[in-house]
Every structure is written in C-alpha cells, then in structure tokens.
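Everything on this sheet refers to the single structure shown next.
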Amino acid sequence: MGEPSREEYKIQSFDAETQQLLKTALKVACFETEDGEYSVCQRSYSNCSRLMPSRCNTHYRDPGAVDLEKVANVIVDHSLQDCVFSKEAGRMCYAIIQAESKQAGQSVFRRGLLNRLQQEYQAREQLRARSLQGWVCYVTFICNIFDYLRVNNMPMMALVNPVYDCLFRLAQPDSLSKEEEVDCLVLQLHRVGEQLEKMNGQRMDELFVLIRDGFLLPTGLSSLAQLLLLEIIEFRAAGWKTTPAAHKYYYSEVSD
C-alpha cells in the first residue's frame, strides 16, 4: 500500500522527439545518470555538481528555450497512460517548476500543467467511461501534483476540491465494486489524506461517511476491497498513522 520512494524517471518509452524534449527540460533542474535516467536534485540547481560530481550534467539551459507548455502536455498525456509514471511525475513537474521560477521568473509550465489538469478534471466522467486505467492514472497524477506543488509552503487551494471530488467519485458504490478504484482511493488517502483534512476537514468527514457506508453495506465488494476500506478507516482513526499491530495484520492479510 506504500508509495515508491525512488527518484528516477525512465523516459525510454517515449518516441525520440519527445525524449529529446523532456531531456532538454529536465536538464534545467536535474542531472542525467549514466544509464539515461534522471534524478531530481535535492539542492538548488546551482549546487547540483556537488551532489554527484562524477555523474552530473552541469550544462543547464534557459527554461525559455524549451516549449514548456508542450512539456506539460506530454507529461499529462503519458501520466494518463502509465500509472507507474503518474506516481513519479510529481517530482519531475516540481523540478521543472522550481527551475523555471528561479531561472526565468515565469510559470509557463505550471500554468500549462494546471490548465490540462482542469481540462481532464472537467471531463473525468467521460475519461472513466472510456478507460478505467486512464481514470485511475489521472487520480494518481492529480494527487501526486497536489502532494508536491506548494504556494507559500502550503498545498495549492485550487487543487483541494478537484482532488476531493475525484476521491468522492472513487467512493461511490459502482467504483467500490472495482478493486482498481478501491486500491487507488486507499493509496491516495495514504498519500494526501492528512493534508486534505487540514485544508477541509468537513469534506473528509463526508468522504469517510461514504467509505464506511461502502464497507458496512458491501454488496458487490470483494474481500480485498473490504480489507482495504477497513484499513483506511482505521488508518485515519489512528491520526493518519499505521500502528505496528495494524501493519502486521493488514500486510499479512494482503500477502495471503
């Protein structure tokens, strides 16, 4: 149920032109490793060479030289197709946004990213009807972006209600009957639930009413879905923490 912690982004699945576009954008704020992967620097871009001097590519480029709106669309498009990529894309977006702000004082990439997120949000029911995987990837991606993007060191208020609306959709009876959506709901609540509750506790209460109702009236729910719902109910009740006993119980049940 935990989120991966790795900081590398494979882009080999893109076509050659798109790979080059992403490489150019990423070199603004990242270093390129010998195996063609990218890792986001945890320090400012000016200190990157101190982080891994033997492997760091220090030839930074002006963000204005890259079509960052196109980069934003490429990242969103791929995130809707690849759920593994969507889990990691938040760091990539954060790195580009930070670099663009520091080096050019602009927000072309962030604006393009948020515009695409809004477009996909407005068409979320059509997306779900067309592709359940695409819908799950979208929810994963928008929660990932919410987790990383900050304004004055606070989560972006503009994303709070869209993220909540997506999670509410995952808690509807027809979604709870699908393990992919239940798994997505629980994973994202593990990731951003505590942050969301701080921003709007009333909506979190309402969301968990739906989750409890779904658990108590489990028509069509698989045993795994019931287990996941019970785990997230207890996780929130424990202050968004997993007790050792709960960890042992739930993880042993899932593995079995």
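Note that the coordinates shown come from a computational prediction; the quantities given were computed from them, not determined experimentally.
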Just list the side-chain donor-acceptor pairs under 3.5 Å for residues 151-163, sequence neighbours left out, or say none.
residue : atom : partner : partner atom : Å
Asn161  : OD1  : Arg203  : NH1          : 3.2

Minimum-distance pair of heavy atoms, taken over all atoms of [X] and [Y]:
{"X": "Leu117", "Y": "Tyr138", "value": "O-OH, 2.8 Å"}
{"X": "Leu189", "Y": "Trp240", "value": "O-CZ3, 3.5 Å"}
{"X": "Ala89", "Y": "Ile75", "value": "CB-CG2, 4.1 Å"}
{"X": "Val139", "Y": "Gln188", "value": "CG1-CG, 4.2 Å"}

[Y]/[X] salt bridge by N-O under 4.0 Å criterion:
{"X": "Glu194", "Y": "Arg236", "result": "no"}
{"X": "Asp82", "Y": "Lys87", "result": "no"}
{"X": "Glu120", "Y": "Arg116", "result": "yes"}

Original post:
With a 2.5 Å cut-off on the SG atoms, do Cys143 and Cys166 make it?
Top reply: no
Original post:
Does any N or O in the side chain of Ser175 come within less than 3.5 Å of the main-chain N or O of Arg169, such that one atom is a donor and the other an acceptor?
Top reply: yes
**OP:** Taking Asp183 for its side chain and Glu179 for its backbone only, find out whether a donor-acceptor pair lies under 3.5 Å.
**Re:** no
Subject >> Residue pairs passing the salt bridge (Lys or Arg N to Asp or Glu O under 4.0 Å) test where at least one lies in residues 146-155, sequence neighbours excluded >> reply: Asp147-Arg191
**OP:** Report the relative orientation of the aromatic rings in Tyr94 and Tyr148; use parallel for angles under 30°, tilted for 30 to 60°, perpendicular for over 60°.
**Re:** tilted
